[in-house]
Chemist: 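Dumping the structure here so I can ask a few things about it.
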Amino acid sequence: MARVLVLGAGLTGGACAALLRGAVCGRVVVWDKARGAGGRMSTSRSARGAACSADLGAQYVSPRAGRGSFFDELLSHGILKPLTAPIEGMVEKEDSCNYMAPQGISAVVKYYLKQSGADVFYEYHVTHISLRDGKWEISRKTGPPEFFDVVILTIPVPQILQLQGDIVNIINERQKQQLEATNYSSRYALGLFYEAGVCIDVPWAAKYITDNPCIRFISIDNKKRNIESPEIGPSVVVHTTVTFGSEHLDSDPAEVQQLILSHLESIMPSLPKPASVKCQKWRYSQVTKSVPNCPGHMILHTQPLLICGGDGFTCSNFDGCIDSAMSLAEAVKSHL
């Protein structure tokens, strides 16, 4: 009976776990260091009430035409619906349509995790991966180590390189150079949550900003998702520019939050004062350079299998994550 660990409960990890259902004679387990599912497809809830939520990561998905059963399934279950709300400054692509998630973008990942039948554990922060008697010993910040026959890493590439234990010597020099060649952009996201009855009167649901050094994108998130209701307070999402994110990557979060809010006030001076605010730092926001000569996945060790994938091996969008998940699942199935 094989025991398979998928490390990372983002889109690639969730989809990979779903693809492995029925293929593993044993159990699939998913671990993530965060408090919930989604990775960079994250939906946050207001501290004042869970009904008011905001997508702090991915805002919508634009799968390529002919994406197939993966995407059709999400549509048929109402997880995704066409994005019909007005987005100012959006660049339309000929071969794709845009879709939003009415229940929040993390619902996409939660759907795949549910379909997988895997045991999912949050706040499991892995620190060491070592070989012990033909199995992988996985150690985390708290709790005893656990043993697995197959380990699939879907976390950002720099976090793979930060892992300790035997993995440090298992990754050969060529693989290390390939992994180190990966680049990610960084940015901050701000979620502003309001009480029920507050009105944010703008003619758009979201807008790309081109003339501000700090802010690149603003979304009236509930309006984007077509869930405007007098019983649920509105929410606003602000994404910073990549330049601002890089310049303030290690700054004090409270200072960064205040700086973003001051720029937001200059763009939207009539915006009401929110009931609560959440500041999210995306250190690994989007892949700007993927792992070279390694599409979809990289096998780090064969017996027992240690394999890594994710958008760092493709690109940072829905298609890239699904392509990597399919590549990982096929490699694991052929191994098993």
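Just so you know, residue 1 is the first one in the sequence shown, and it goes up from there.
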Chemist: Which residues satisfy the salt bridge (Lys or Arg N to Asp or Glu O under 4.0 Å) test with Asp201, sequence neighbours excluded?
Modeler: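 Asp201 satisfies salt bridge (Lys or Arg N to Asp or Glu O under 4.0 Å) with no residue once adjacent residues are dropped.
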Chemist: A side-chain contact here means heavy atoms from C-beta on lying under 4.5 Å apart; do Pro304 and Leu131 qualify?
Modeler: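 Yes, their side chains come closer than 4.5 Å.
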Chemist: Glu265: which residues meet the salt bridge (Lys or Arg N to Asp or Glu O under 4.0 Å) condition with it, sequence neighbours left out?
Modeler: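 With sequence neighbours excluded, Glu265 shows a salt bridge (Lys or Arg N to Asp or Glu O under 4.0 Å) to no residue whatsoever.
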Chemist: Could you tell me which non-hydrogen atom of Gln178 sits nearest to which non-hydrogen atom of Asn293, and how far apart they are?
Modeler: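 Closest approach of Gln178 to Asn293: NE2-O, 3.9 Å.
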Chemist: Counting only heavy atoms from other residues, nucleotides and ligands, does the tally under 6.0 Å from NZ of Lys81 exceed 12?
Modeler: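 Result for NZ/Lys81: open.
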Chemist: Using side-chain heavy atoms (C-beta onward) and a distance below 4.5 Å, is Ile218 in contact with Trp204?
Modeler: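 They are in contact (side-chain heavy atoms under 4.5 Å apart), so the answer is yes.
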Chemist: Can you name the salt bridge (Lys or Arg N to Asp or Glu O under 4.0 Å) partners of Arg283, sequence neighbours left out?
Modeler: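 Expected list: Asp250.
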Chemist: Identify, with sequence neighbours excluded, every residue that meets salt bridge (Lys or Arg N to Asp or Glu O under 4.0 Å) alongside Glu195.
Modeler: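 Expected list: Arg48.
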Chemist: If Ile, Leu, Val, Met, Phe, Trp and Tyr residues are connected whenever their side-chain heavy atoms lie under 4.5 Å apart, and connections chain through other members, are Val198 and Ile227 in the same group?
Modeler: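 Shared cluster, no.
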Chemist: Arg40: what forms a side chain to side chain donor-acceptor pair (under 3.5 Å) with it, not counting sequence neighbours?
Modeler: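 Testing Arg40 for side chain to side chain donor-acceptor pair (under 3.5 Å), a comparison that skips the adjacent residues, returns Asp311.
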Chemist: Could you tell me whether the side chain of Ile209 reaches within less than 4.5 Å of the side chain of Thr241, counting heavy atoms only?
Modeler: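 Sidechains of Ile209 and Thr241: no contact.
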Chemist: Does Met90 sit in a hydrophobic cluster with other residues, and if so which ones, taking ILVMFWY side chains as linked at heavy-atom separations under 4.5 Å, directly or through other members?
Modeler: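 ILVMFWY cluster around Met90 also holds Tyr60, Leu83, Ile87, Met100, Tyr208, Phe217.
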Chemist: Do Pro213 and Thr243 have side-chain heavy atoms sitting under 4.5 Å apart?
Modeler: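 With C-beta onward as the side chain, the pair stays apart.
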Chemist: Are the side chain of Ser246 and the backbone of Val242 linked by a donor-acceptor contact shorter than 3.5 Å?
Modeler: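 Yes; judged by distance alone, with no hydrogens or angles, the pair exists.
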Chemist: Hey, is the main chain of His128 close enough, under 3.5 Å, to the side chain of Glu137 for a donor-acceptor pair?
Modeler: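 No; zero donor-acceptor contacts below 3.5 Å.
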Chemist: Aromatic ring centroids of Tyr99 and Phe71 under 6.0 Å?
Modeler: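 So the answer is yes for these two rings.
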Chemist: Mind checking side chain to side chain donor-acceptor pair (under 3.5 Å) for Asp221 and listing every partner two or more places apart, or none if nothing turns up?
Modeler: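 Applying side chain to side chain donor-acceptor pair (under 3.5 Å) to Asp221 gives Lys224, Arg225.
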Chemist: Has the side chain of Thr154 got a donor or acceptor atom that lies under 3.5 Å from a matching backbone atom of Leu7?
Modeler: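 Checked: pair present.
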Chemist: Given side chains that start at C-beta, do those of Asn212 and Ser266 come closer than 4.5 Å, heavy atoms only?
Modeler: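 Yes, at least one pair of side-chain atoms sits under 4.5 Å.
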Chemist: Can a side-chain donor-acceptor contact be found between Tyr111 and Glu73 if the only test is distance below 3.5 angstrom?
Modeler: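 Judged by distance alone, the side chains do pair up.
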Chemist: Tell me every residue that passes side chain to side chain donor-acceptor pair (under 3.5 Å) with Tyr122, counting only those two or more places apart in sequence or in another chain.
Modeler: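 Applying side chain to side chain donor-acceptor pair (under 3.5 Å) to Tyr122 gives none.
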Chemist: So, do Tyr284 and Thr182 sit near enough that their side-chain heavy atoms are less than 4.5 Å apart?
Modeler: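 The answer is no; the side chains never approach within 4.5 Å.
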Chemist: Taking the side chain as C-beta and beyond, is there a heavy-atom pair between His297 and Ile299 under 4.5 Å?
Modeler: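 Yes; the side chains approach each other to less than 4.5 Å.
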Chemist: Give a yes or no on whether the backbone of Gly296 and the side-chain of Ser324 come within a donor-acceptor separation of less than 3.5 Å.
Modeler: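 Between the backbone of Gly296 and the side chain of Ser324 there is a qualifying donor-acceptor contact (under 3.5 Å).
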Chemist: How many angstroms lie between atom OG1 of Thr314 and atom CE of Met326, to the nearest 0.5 angstrom?
Modeler: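 Separation between the atoms: 12.5 Å.
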Chemist: Whether the Asn226 and Thr84 side chains hold a donor-acceptor pair (N or O, under 3.5 Å, no angle test) is what I'd like checked.
Modeler: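 The criterion, which ignores hydrogens and geometry beyond distance, is satisfied for Thr84 and Asn226.
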Chemist: Ser130: which residues meet the side chain to side chain donor-acceptor pair (under 3.5 Å) condition with it, sequence neighbours left out?
Modeler: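 Applying side chain to side chain donor-acceptor pair (under 3.5 Å) to Ser130 gives none.
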Chemist: Is it the case that atom CD in Glu88 sees more than 12 heavy atoms from other parts of the structure closer than 6.0 Å?
Modeler: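 Check passes, neighbour count above 12.
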Chemist: Check whether any side-chain N or O of Ser316 sits under 3.5 Å from a backbone N or O of Val287 as a donor-acceptor pair, and report yes or no.
Modeler: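 Confirmed, Ser316 side chain pairs with Val287 backbone.
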Chemist: Name all pairs fulfilling the side chain to side chain donor-acceptor pair (under 3.5 Å) condition that reach into residues 2-22, sequence neighbours left out, sorted by first residue then second.
Modeler: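 As it turns out, the side chain to side chain donor-acceptor pair (under 3.5 Å) pairs with a partner in residues 2-22, which skip direct neighbours, are Arg3-Glu146.
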Chemist: Measure the CH2-CD1 distance between Trp31 and Ile155 for me, rounded to the nearest 0.5 Å.
Modeler: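 Nearest 0.5 Å value for the CH2-CD1 distance: 12.5 Å.
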Chemist: Look only at the side chain of Glu247 and the backbone of Gly245, and say whether a donor-acceptor pair between them is shorter than 3.5 Å.
Modeler: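 Checked: no pair found.
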Chemist: With sequence neighbours excluded, what pairs up with Phe313 under the ring-ring contact (aromatic ring centres under 6.0 Å, His included) test?
Modeler: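 None.
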Chemist: Please check: side-chain N/O of Lys281 versus main-chain N/O of Leu249, any donor-acceptor pairing under 3.5 Å?
Modeler: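 Checked: pair present.
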Chemist: What's the spacing between Leu153 CG and Leu300 CG if we round to 0.5 Å?
Modeler: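 It comes to 6.5 Å.
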Chemist: List the residues meeting ring-ring contact (aromatic ring centres under 6.0 Å, His included) with His248, not counting sequence neighbours, and say none if there are none.
Modeler: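 So His248 forms a ring-ring contact (aromatic ring centres under 6.0 Å, His included) with Phe244.
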Chemist: Taking the side chain as every heavy atom from C-beta outward, state whether Val236 and Pro274 have any atom pair closer than 4.5 Å.
Modeler: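 A side-chain contact is absent here, since even the closest heavy-atom pair is not under 4.5 Å.
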